[in-house]
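Working notes for the structure below.
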Amino acid sequence: MLKRRQKIRKGFILVSFFLFPAVFYYLSPVLVVQASADGIVNGSLVVFLLMFLSALFLGRAYCGWICPAAGCQEALFSARDKRITKGDYLKWLIWTPWVISILFLAAGAGGYYHIDFFYRTTYGLSISDLQSFITYNIVLFVLIVLPAFIVGKRSFCHHLCWMAPFMILGRKIRNGFHWAALQLGSYPERCVHCHTCTQNCPMSLEVETMVNRNAMEHTECILCGSCVDSCPQNAICYNRGKPNRDPA
Ligand code: SF4
Ligand code: SF4
């Protein structure tokens, strides 16, 4: 049975998913390109920068606790729960040329000279006409739902997400400077090797191995706490400290 904290977490990401049609443009990788070409800082650029800043202290907690794509994908676990262990590099093949193109376009526009958080929205809402409704559904099904069915659990997060690299970079900077931040801790001596944590990890990480190596830092860990709340031995915990081991 789910612990209370996991019920709350799943509630957060489900509500976030229901709000996705309204906030879609604030997470858009396309609008940031269009706005940058006009020298405009739009809502999604602001949100991506906030994700990067949050990761300096909270790692990828956004992915575990807030992201609308998380709500959609975890709702699909009961239909398709294949684990994913490969291909995390793929999202960097998307992210890198995308970011470079944004920088070039912004430079071509003479830099950013205007902030319009509500760029291309209607009264702050994303979906306001048939075209945006169709675009939303294509993105939802092609990038999020279909990969979850065809490839496996949270495939979008592993392979396609253009937001995750901002947070991975933020976390790497935190690890490099060794400052205190939200993280996982472990007590290897308590582990009875039941595999429950590994089975429950929505990101398909080898959590049991991480516990027994006392190396809980992982670029794909979204700090969801599923392992913390499912371990029968309380061998995993949240804490706020400095990284005790260089990340894998
Ligand atoms: S759930 Fe706890 S006891 Fe079981 S393998 Fe993971 S850390 Fe060890
Ligand atoms: S290791 Fe634990 S906190 Fe990290 S993604 Fe897996 S279940 Fe969530």
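Below, all heavy atoms of this structure are taken into account, side chains as well, without hydrogens, waters or symmetry copies. Because the structure is predicted, anything quoted here is derived from the model rather than measured. Note that ligands are numbered from 1 as they come in the structure, with each ligand's atoms numbered from 1 the same way.
Protein heavy atom at the shortest distance from atom 3 (S) of ligand 1 is V192 N, 3.4 Å. Regarding atom 2 (Fe) of ligand 1, its nearest protein heavy-atom neighbour is C231 SG, 2.3 Å. Among protein heavy atoms, the minimum distance from atom 4 (Fe) of ligand 1 is reached at C194 SG, 2.2 Å. Of the protein's non-hydrogen atoms, the one nearest atom 8 (Fe) of ligand 1 is C191 SG, 2.4 Å.
In summary, the side chains of S226 and N200 do not present any donor paired with an acceptor at a separation below 3.5 Å, with no hydrogens or angles considered. For the residue pair R83/Q199, the side-chain donor-acceptor check at 3.5 Å is not satisfied.
Around atom 6 (Fe) of ligand 2, the protein atoms of type N, O or S that sit closer than 2.8 Å are C201 SG.
The pair D229-R5 meets the salt-bridge criterion, with a side-chain N (NZ, NE, NH1 or NH2) lying under 4.0 Å from an Asp/Glu carboxylate O.
Here H195 fails the criterion, with no N, O or S atom under 2.8 Å of atom 8 (Fe) of ligand 1.
Listed by chain and residue number, nothing satisfies the salt bridge (Lys or Arg N to Asp or Glu O under 4.0 Å) test with R80 (two or more places apart in sequence, or in another chain). Checked against ring-ring contact (aromatic ring centres under 6.0 Å, His included), F18 has no partners two or more places apart in sequence or in another chain.
Distances below 4.0 Å separate heavy atoms of P232 from the following atoms of ligand 1: 1 (S). Atoms of ligand 1 lying under 4.0 Å from any heavy atom of Q233, numbered from 1 in the order shown and given with element: 3 (S). Counting the atoms of ligand 2 from 1 in the order shown, those under 4.0 Å from a heavy atom of G225 are 3 (S), 8 (Fe).
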If you look only at distance, which donor and acceptor atoms sit under 3.5 Å apart when one is on a side chain in residues 132-144 and the other is two or more places apart or in another chain?
| unit_1 | atom_1 | unit_2 | atom_2 | d |
| --- | --- | --- | --- | --- |
| S132 | OG | S128 | N | 3.1 |
| S132 | OG | D129 | N | 3.2 |
| S132 | OG | D129 | O | 3.0 |
| S132 | OG | D129 | OD1 | 2.7 |
| T135 | OG1 | Q131 | O | 2.9 |
| N137 | ND2 | F133 | O | 2.9 |

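When side chains are defined from C-beta on, V41 does not count as touching D116, because their heavy atoms never get closer than 4.5 Å.
You'll find the ring centres of F118 and Y25 outside the 6.0 Å limit. Ring pair F48/W98: centre-to-centre distance below 6.0 Å.
Using a 30° and 60° split on the angle between ring planes, F177 and W179 fall in the parallel class, below 30°.
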